[in-house]
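Structure record follows, encoded as structure tokens.
All chains are named by letter (A, B, ...) in the order of the sequence lines, taking the proteins before the strands, and each is independently numbered beginning at 1. Note: hydrogens, waters and symmetry copies are ignored here, and every other heavy atom, side chains too, is used.
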Amino acid sequence: MQQREEKQLESALDSIIQRVNDLKTSIAAMIYKVENEYETLNWPTFLDNFALLSGHLTSLSKILSHDKCPVLRNLTVLPLMLSPERDEQLAQLTEHRVTTFAHDLVPDYLRTKLEPLAENKMMQLEHKAATVAYENAQKQVAAYQKVVTHIWDIVSKAREEWDVESSARGNAQQHSSVSDTHLLVTAVGMGKGLKPVPNANGQPGQPAGSMMVAPQGRPGSASGQGQIPPATQTMTMNKAPSAIKTNIKSATQIHPYGR
Amino acid sequence: MHDGGKATRVIGIRSAEQVLTKNMTTPDSAKDSLTSALNSNIIPNREYLLQGSVVDQYVEVLLHRLRGLCDNVDDGAETFYDHEMCFSLCMNSSGNPLVFPLRVRRALDAQDAPYQLRYIGQQELGDKNRPTIVRSSIDVACSASIVEFLQELGCRLDFEYTARGYMFRKGRMKITVSKICKCGGGNKPGENIELISQSYLVELSVLAPSGYDAIAEDMRVFAEQLKPLVHLEKIDYKRL
């Protein structure tokens, strides 16, 4: 039973130490940056560093609040031996920050309470809170609550507006349509949809000033289209002569230019 | 002019000589200089082109962005209203019909501006690495009688349309945002106008001598800045 607990404690301590070391190295990197690159450092990289730190802190607090982590509060660290002599092992462990495990340093390093200054301040505040009358305290709490709810309302309202805006933007993504692009490009490039429509005579309705018929163009295109049909015509003639024949004819009339 | 010092007189005589020799040899030298210009590849006869469109209701947003991106910041966008007639000359040489397209463009909003005659060649799409369409383009300014001339030549009016819109420039790049309308049955363009789409045609083009492919890369970068409002792409309309 005790063995298992010890093992658990050891593994938890290991992971905590690892996280703390991560935190330490990133803090060191940040300090280095601030001290050495303050001329070229920009806000985005600085904030990136902060994000890194906060990530490390979050993972550390996650480990501390994990189920498997033993309650460290219940454990006691007891200094068994104090010595004014220099301790090489200790110096190595602490990167030469602490060289002796002596009576003047130990109370500071093994302190589990708040810092003296902070402790004093807390005491004062607690004392002040204790002296305030109950009604007064209630009033203050109510006023504070009111302020907080008001700010909460403002924030949630702004968030709602942003949500609506961003969703509207998501819906309005359609700034251009591919089919319209193709329509316009083919129209400008080839005249698709712009060519004069054939009128009742089957002749294309020519806009004013364009009646000139290219004499050599017409037979050329006509023969170009006419060269292939005869074979099909004779083939299909036996089956359904009239219908097919008129079909071909009307098709050539729709595209008189053979393009 | 010849009253001046000796030096000026000498210069004057020399320049007169030059003019004389130039005038005497004009037919040949014009052809020669054209050939040499062609050989030294300084004629901007290649058009690099990207095309796209924008829906009517977002055209203001696009224009706003273009105003910010392009060079004509002070005077805003230049507007234009053009009528384009596309002729084709069918040549039936040795059995295979050859269609030779020619385009005449005139400004409807500036009646005294010259007409523009333009030949546009087959578009080359190239492979994926080439960012734009490339096509031959030769254009020349001419007078209003060009239409009659072309018809006498045997050209046939294939189709015509009007384009009304805005023009921007950025360095050597030209960006047009225009509404394409079909010309109605009326004698004059402008009557019976018929919109063919609910979108504006957007074109990004550069005229450059052949081989100036670096400009295509600039165009790709510029087109990238107009996304997602307009997707300027190389479109093979022959396949559509």
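- For the atom pair NZ of B/Lys227 and NE2 of A/His175, the computed distance is 13.5 Å after rounding to the nearest 0.5 Å.
- Shortest non-hydrogen contact noted between B/Ser53 and A/Ser177 is OG-O, 3.5 Å.
- When the options A/Val188, A/Leu183, A/Asp180 are evaluated for a side chain to side chain contact (heavy atoms under 4.5 Å, CB included) with B/Leu201, the one that passes is A/Val188.
- Most heavy-atom pairs under 4.5 Å with chain A, from the set B/Ala163, B/Ser197, B/Cys181, B/Gly52: that is B/Ser197.
- More than 12 heavy atoms of other residues, nucleotides or ligands shown are found within 6.0 angstrom of CD on A/Glu37.
- Around OH of B/Tyr119, the count of heavy atoms belonging to other residues, nucleotides or ligands within 6.0 Å exceeds 12.
- A 6.0 Å sphere centred on CD of A/Gln92 holds no more than 12 heavy atoms belonging to other residues, nucleotides or ligands.
- Counting heavy atoms of neighbouring residues, nucleotides and ligands inside a 6.0 Å radius, atom CG of A/Leu117 does not exceed 12 of them.
- Interatomic distance, A/Met190 CE to B/Cys86 SG, rounded to the nearest 0.5 Å: 12.0 Å.
- Of the atoms belonging to A/Val178, not a single heavy atom falls under 4.5 Å from chain B.
- The NE2 atom of B/His231 lies 9.0 Å from the OG1 atom of A/Thr181; values are rounded to the nearest 0.5 Å.
- One distance of note links CG of B/Asp236 with OG1 of A/Thr186; it measures 11.5 Å at 0.5 Å rounding.
- Heavy-atom neighbours of A/Glu10 CD from other residues, nucleotides or ligands within 6.0 Å: at or below the threshold of 12.
- Between B/Ser199 and A/Leu184, some side-chain heavy-atom pair lies under the 4.5 Å cut-off.
- Annotation for B/Arg164: atom CZ does not count as buried by contact number, only 12 or fewer foreign heavy atoms lying within 6.0 Å.
- Counted within 6.0 Å of OH on B/Tyr166, heavy atoms from surrounding residues, nucleotides or ligands total 12 or fewer; the atom is thus considered open.
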